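Working notes for the structure below.
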Amino acid sequence: ASEEGSATALANPNIALVKYWGKRDEALILPWTGSLSLTLDAAPTTTTVRLTDAHDDVVLLGGQPLEGTARSRVTRFIDLVRALAGRDERVAVDSHNEIPTGAGLASSASGFAALALAASTAFGLDLDRRALSRLARRGSGSASRSIFDGIAVWHAGHDDESSFAEAVPAPGLELGMVLTVLDARAKSVSSRDGMRRTVDTSPYYPAWVERTPVELEEMLAAIARADFTAVGTIAERNAMRMHATMLGAEPPVRYWGPASVELLDLVANLRGDGLECYATMDAGPNVKILCRADAVDELATRILEAQPDIGVIPARAGRGARLITSEPGGS
Ligand code: ATP
């Protein structure tokens, strides 16, 4: 018999400036290339994991029981934690996303970062940040980066041990971001499926694998010299190149629509007007706009002037995953 263990963790989404797109090992979630992101200070996931005597795991997201693949994605992840801890209790998971789920707004990143911290703590594990990043990676690759404050680089690595994220110090570089919510509905092609199709069928994918490490080095150098213009330019170009690989897939994968393109034009116009900002897009239509931290409010205002009907989420660099409460279970 075991004492009750429970933990509540909070994690923020992160938006990649050098994208993760494509796995070379789907079971371990090892990526073909390294990536780099900004963890935000907005729209966190809060997840509580409690050990129970029940005969099955219960998983709630936003108060509703998860079913099918969404549920098994969580229970298989919990199986990993059980194996790490050498324990076999069932759990009750209760998670809330502030960001819309599955709309390319990084809910899986904040979701699995929070779950990794809450579940490992509830099972009595005390993982260091690197081990936590590796664990979170097994739930969703991008979750490996939401463990860390601010800018994080995920080293592609070559096995489970070597594929982890870590913080990138960025003295003098104060980044901000405005997330636009054009469509909060879950996408029809999951990131997982979109990636797989791109890797398997796009003739442009090998170019992505060859080129991304170079762009990652350029990005790290730009961050080290606090060169916002270079950071933004590399980020925007990298996002367009990722989407280009998808357009080459069979059938093509296209997550953006007309409203996204209008925002790309708006970003170019604002930049022309002297408000320095850069666009990035993920697996969904919602454009994210990078700016200097002190320009976030003005940028949000200008976006809403041009597009009064859309949602905006203003953000700056935020903290990595952290515990809110914990009562680790002893066995
Ligand atoms: P990304 O920006 O990385 O594409 P996303 O959330 O838009 O993230 P997916 O990678 O397709 O899209 O992941 C969405 C899936 O992640 C959801 O359908 C759900 O299964 C899972 N998920 C999201 N939030 C949580 C959470 N808090 N707890 C557990 N699973 C979650």
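Every value quoted in this text rests on a predicted model; they were computed, and no experiment measured them. The analysis underlying the following values was restricted to heavy atoms, covering all of them including side chains, and did not include hydrogens, waters or symmetry mates. For ligands, and for the atoms within them, numbers begin at 1 and follow the listed sequence. Nothing fancy with the numbering, it's 1 onward along the sequence.
In this structure, a donor-acceptor pair under 3.5 Å is present between the side chains of K19 and T280. There is a side-chain donor-acceptor pair under 3.5 Å between E276 and T229. Side-chain contact annotation: T48 with D94, donor-acceptor N/O pair under 3.5 Å absent. Side-chain contact check for S140 and S108: at least one donor-acceptor pair (N or O, by modelled atom type) lies under 3.5 Å. At a cut-off of 3.5 Å, with distance as the only test, a side-chain donor of R145 or S35 sits close to an acceptor on the other residue. Side-chain polar atoms of N12 and S110 form no donor-acceptor pair below 3.5 angstrom.
If you check which protein heavy atom lies closest to atom 8 (O) of ligand 1, you get S108 OG, 3.1 Å. Closest to atom 14 (C) of ligand 1, if we only count protein heavy atoms, is G102 CA, 3.8 Å. The protein atom (non-hydrogen) at minimum distance from atom 28 (N) of ligand 1 is S95 OG, 3.8 Å. G104 N, 2.6 Å is the protein heavy atom nearest to atom 7 (O) of ligand 1. Annotation: atom 23 (C) of ligand 1 to nearest protein heavy atom, S107 OG, 3.5 Å. In terms of protein heavy-atom proximity, atom 4 (O) of ligand 1 is closest to S191 OG, 2.5 Å. Of the protein's non-hydrogen atoms, the one nearest atom 24 (N) of ligand 1 is N97 ND2, 3.0 Å. From the protein, the heavy atom lying nearest to atom 20 (O) of ligand 1 is A70 CB, 3.6 Å.
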Cut-off 3.5 Å, no hydrogens considered: what does the side-chain donor-acceptor table look like for residues 316-326, sequence neighbours left out?
| unit_1 | atom_1 | unit_2 | atom_2 | d |
| --- | --- | --- | --- | --- |
| R316 | NE | A293 | O | 3.4 |
| T325 | OG1 | T8 | OG1 | 3.3 |

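For K187, the closest heavy-atom approach to ligand 1 falls below 4.0 Å. Residue contacts with ligand 1 do not include G284, since none of its heavy atoms lies under 4.0 Å from the ligand. In this structure, A106 counts as a contact residue of ligand 1, since one of its heavy atoms falls inside 4.0 Å of the ligand. Note on ligand 1: D282 sits outside its first shell, no heavy atom being nearer than 4.0 Å. At least one heavy atom of T101 sits less than 4.0 Å from an atom of ligand 1.
Classification of D193 and R196 as a salt-bridged pair holds, one side-chain N sitting under 4.0 Å from a carboxylate O. A salt bridge does not link R292 to E298: none of the charged nitrogens lies less than 4.0 Å from a carboxylate oxygen.
The proximity of L61 to ligand 1, defined as any non-hydrogen pair under 4.0 Å, is limited to the side chain. Residue contacts with ligand 1, taken as heavy atom pairs separated by less than 4.0 Å, involve R73 solely via side-chain atoms from C-beta onward. At a 4.0 Å heavy-atom cut-off, ligand 1 does not touch H96 at all. In A103, the part holding a heavy atom less than 4.0 Å from any atom of ligand 1 is the backbone.
Counting atoms of ligand 1 from 1 in the listed order, those under 4.0 Å from a heavy atom of L105 are 2 (O), 7 (O). Short contacts between ligand 1 and T45, defined as distances under 4.0 Å to a heavy atom of the residue, involve ligand atoms 27 (N). Of all atoms in ligand 1, listed by their number and element, those nearer than 4.0 Å to a heavy atom of G111 are 26 (C), 27 (N). Each of the atoms 30 (N) of ligand 1 lies under 4.0 Å from some heavy atom of F112.
Counting non-hydrogen atoms of neighbouring residues, nucleotides and ligands closer than 6.0 angstrom, the CZ atom of R211 exceeds 12 such neighbours.
For the atom pair T75 OG1 and D57 CG, the distance stands at 6.0 Å (nearest 0.5 Å).
For E89 (side chain) and L51 (main-chain N/O), no donor-acceptor pair under 3.5 Å exists by modelled atom type. Remark: the backbone N or O of A131 is paired with a side-chain donor or acceptor of D128 at under 3.5 angstrom.
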